[in-house]
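None of these values were measured; they are calculated from a predicted model.
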Amino acid sequence: MSTGTSRRSGTVNSGGLALFYQEWGAADAPPVVLLHGLRAYGQWFEEFCEAAADRFRLIALDQRGRGRSAWAGAGGYTTDHYVADLEALVRQLGLKRFALVGHSMGGVNVSHYAARHPEGVQAVVIVDIAPEFAPEGLARIRAELGRTPPSFATLDEAQGFLKTIHPRATPRSLTTRLEWMLVRQDDGRYGWRIDPQIFDPNMRPDPPERLWQALAAIRCPTLLVRGAITDLVTRECAERVVATLVAGELVEIPGAGHMVVEDNPRDSTAAVVPFLERTLG
């Protein structure tokens with residue numbers, strides 16, 4: 001892997017799975033590890049990482065079954081598996097003191113990691129996730145999973161579908177999704193890089209009590225970033241999360257739904273970077 005401030009990449013072995021990650025920023029800058037959501041990939045944070053690369057060492061992992069990381073076997077996509085993957089990354093990179101940023105499912109995973117490893121985590125940013133989901137948001141996600149085609153004849157067809165489920169995504173974000181979510185198959189069609197198990201419409205999240213307990217155990221400053229028009233995290237539940245945290249803060253990003261960083265990159269960066277500067281300084 002190269003050094004310096006340019007983008008770098010590598011792999012980490014976690015339980016026999018090769019997991020891909022990318023880095024932005026100087027290798028000796030304060031580290032920030034970023035975990036994406038259910039159907040995304042590390043590159044999802046690209047715009048944020050480019051904007052913050054002059055301040056931090058940003059490390060974005062393709063979580064198992066996504067992007068360029070290996071697929072797991074049946075039953076291999078639990079919260080404990082994801083936390084073990086993060087532990088493997090931290091060990092391999094020799095990170096001692098660092099911040100964690102997680103969107104949606106990634107926010108669940110960083111919360112559990114921070115609760116288990118208070119000695120190493122200086123700050124946590126949780127993006128649009130809470131222990132209890134608004135029913136309309138959960139129904140939307142399940143419906144999207146259920147109607148997701150297994151492949152597409154053309155990239156234009158794929159982009160058309162992605163626009164229906166990510167209506168506020170910037171053109172750059174949609175282009176990135178095409179590159180990191182799809183792969184050309186032997187039959188010439190474009191299929192998903194994501195393990196088909198992840199598209200199961202009958203997915204069941206952890207019991208809410210498990211995440212509430214993890215949030216209460218986090219000891220470092222924690223910022224909850226909520227999309228102002230999200231359908232997944234109610235304002236009431238977000239306020240309960242902040243009240244549960246030992247040192248919690250809440251910020252809302254205007255014009256952003258659940259895909260906060262993708263929907264409004266500028267204001268997301270403006271909210272998160274000062275928090276990281278303050279807590280990692």
Side-chain angles (χ1 to χ4, degrees), residues 1-2 6-25 31-50 52-53 56-73 75-93 95 98-113 125-129 145 148 158 162 166 169 172-185 190-200 203 259-262 265:
M1 182 163 45
S2 63
S6 61
R7 188 167 65 187
R8 314 176 292 283
S9 65
T11 58
V12 57
N13 184 296
S14 178
L17 294 182
L19 306 180
F20 179 83
Y21 66 89
Q22 296 184 83
E23 294 191 41
W24 292 257
V32 180
V33 179
L34 305 103
L35 296 187
H36 59 76
L38 179 70
R39 293 168 286 174
Y41 42 85
Q43 190 79 6
W44 191 77
F45 291 104
E46 177 182 35
E47 291 184 68
F48 173 80
C49 290
E50 289 179 353
F56 310 110
R57 175 189 180 188
L58 300 128
I59 306 156
L61 178 69
D62 283 357
Q63 297 188 84
R64 56 173 57 206
R66 288 94 165 164
R68 296 183 182 174
S69 288
W71 293 2
Y77 293 102
T78 68
T79 299
D80 290 333
H81 285 107
Y82 294 124
V83 173
D85 294 342
L86 181 52
E87 290 170 340
L89 179 70
V90 170
R91 283 196 304 271
Q92 177 169 311
L93 297 182
L95 304 181
F98 54 94
L100 292 169
V101 177
H103 170 249
S104 196
M105 179 197 77
V108 175
N109 299 338
V110 301
S111 296
H112 281 282
Y113 182 96
V125 178
I126 303 168
V127 184
D128 212 68
I129 197 66
L145 292 173
T148 297
L162 288 172
H166 303 294
R172 179 177 180 180
S173 293
L174 287 173
T175 299
T176 301
R177 281 189 175 277
L178 292 174
E179 178 183 356
W180 285 87
M181 296 185 77
L182 299 172
V183 62
R184 192 77 178 269
Q185 300 176 157
Y190 294 88
W192 298 103
R193 293 182 185 269
I194 301 174
D195 188 336
Q197 292 185 74
I198 295 165
F199 286 124
D200 182 0
M203 64 170 185
M259 309 304 288
V260 183
V261 175
E262 187 175 72

Quick one: CG on Leu61 to CG on Leu34, what's the gap to the nearest 0.5 Å?
10.0 Å

Pair Arg57, Val32 - check side chain to side chain contact (heavy atoms under 4.5 Å, CB included), show working.
CA-CA 6 Å; Arg57 175 189 180 188; Val32 180; over 6 Å; no

Give a yes/no verdict on a cation-pi contact between Arg68 and Trp180, requiring under 6.0 Å between NZ or CZ and the six-membered ring centre and an angle within 45° of the axis.
yes

On a heavy-atom basis, which atom in Thr176 and which in Glu46 lie closest, and how many Å separate them?
OG1-OE1, 3.5 Å

Please lay out, stage by stage, how His166 and Glu262 fare under the test side chain to side chain contact (heavy atoms under 4.5 Å, CB included).
CA-CA 9 Å; His166 303 294; Glu262 187 175 72; 3.8 Å; yes

For Leu178 and Ala158, the nearest pair of non-hydrogen atoms, with its separation, is CD2-CB, 3.9 Å

Criterion side chain to side chain contact (heavy atoms under 4.5 Å, CB included) on Ser9 and Phe20, from CA distance to verdict:
CA-CA 7 Å; Ser9 65; Phe20 179 83; 3.6 Å; yes

Would you confirm whether Arg8, through its side chain, and Gly25, through its main-chain N or O, come within 3.5 Å as a donor-acceptor pair?
yes

Test item: Arg64 side-chain N/O and Gly76 main-chain N/O as donor-acceptor pair under 3.5 Å:
yes

Should the ring pair His36 and Tyr41 be called parallel, tilted or perpendicular, given that the plane angle runs from 0 to 90° and is split at 30 and 60?
tilted

Indicate whether any N or O donor in one side chain lies under 3.5 Å from an N or O acceptor in the other, for Asn109 and Gln63.
yes

Treating Gln197 as the side-chain partner and Ala72 as the backbone partner, does any N or O pair qualify as donor plus acceptor under 3.5 Å?
yes

Side chains of Leu93 and Tyr21 in contact at under 4.5 Å (non-hydrogen atoms)
yes

Is there a donor-acceptor contact under 3.5 Å linking the side chains of Ser69 and Asp62?
no

Test side chain to side chain contact (heavy atoms under 4.5 Å, CB included) on Gln185 and Tyr190 and set out the steps.
CA-CA 6 Å; Gln185 300 176 157; Tyr190 294 88; over 6 Å; no

What distance do Phe48 atom CZ and His103 atom NE2 have between them, rounded to the nearest 0.5 Å?
13.5 Å

Is Glu23 salt-bridged to Arg7, going by a charged N under 4.0 Å from an acidic O?
no

Non-hydrogen side-chain atoms of Gln43 and Gln22 separated by less than 4.5 Å
yes

Separation between CG (Leu35) and CG (Leu86), nearest 0.5 Å, reads 5.5 Å

What distance do Leu100 atom CG and Ile126 atom CD1 have between them, rounded to the nearest 0.5 Å?
10.0 Å

Taking the side chain as every heavy atom from C-beta outward, state whether Val261 and Trp44 have any pair of such atoms under 4.5 Å apart.
yes

Val183 backbone acceptor or donor facing Trp192 side chain under 3.5 Å
no

Which heavy atom of Asp195 sits nearest a heavy atom of Tyr77, and at what distance?
OD2-OH, 2.6 Å

Main-chain N/O of His81 paired to Thr78 side chain as donor or acceptor, under 3.5 Å:
yes

Nearest 0.5 Å please: distance from the CD atom of Glu47 over to the CD atom of Glu50.
7.0 Å

Where the side chain of Ser173 meets the backbone of Ala169, is there a donor-acceptor pair that is under 3.5 Å apart?
no

Scanning both residues in full, the closest heavy-atom pair of Leu145 with Ile198 reads CD2-O, 3.9 Å

Quick check: do Trp24 and Ile59 have side-chain heavy atoms less than 4.5 Å from each other?
no

Working to the nearest 0.5 angstrom, can you tell me the gap between Leu19 CG and Gln92 CD?
9.5 Å

Measure across Ala88 and Asn13 and return the closest heavy-atom pair with its distance rounded to 0.1 Å.
CB-O, 3.9 Å

Which heavy atom of Val125 sits nearest to which heavy atom of Val110, and what is that distance?
O-CG2, 4.4 Å

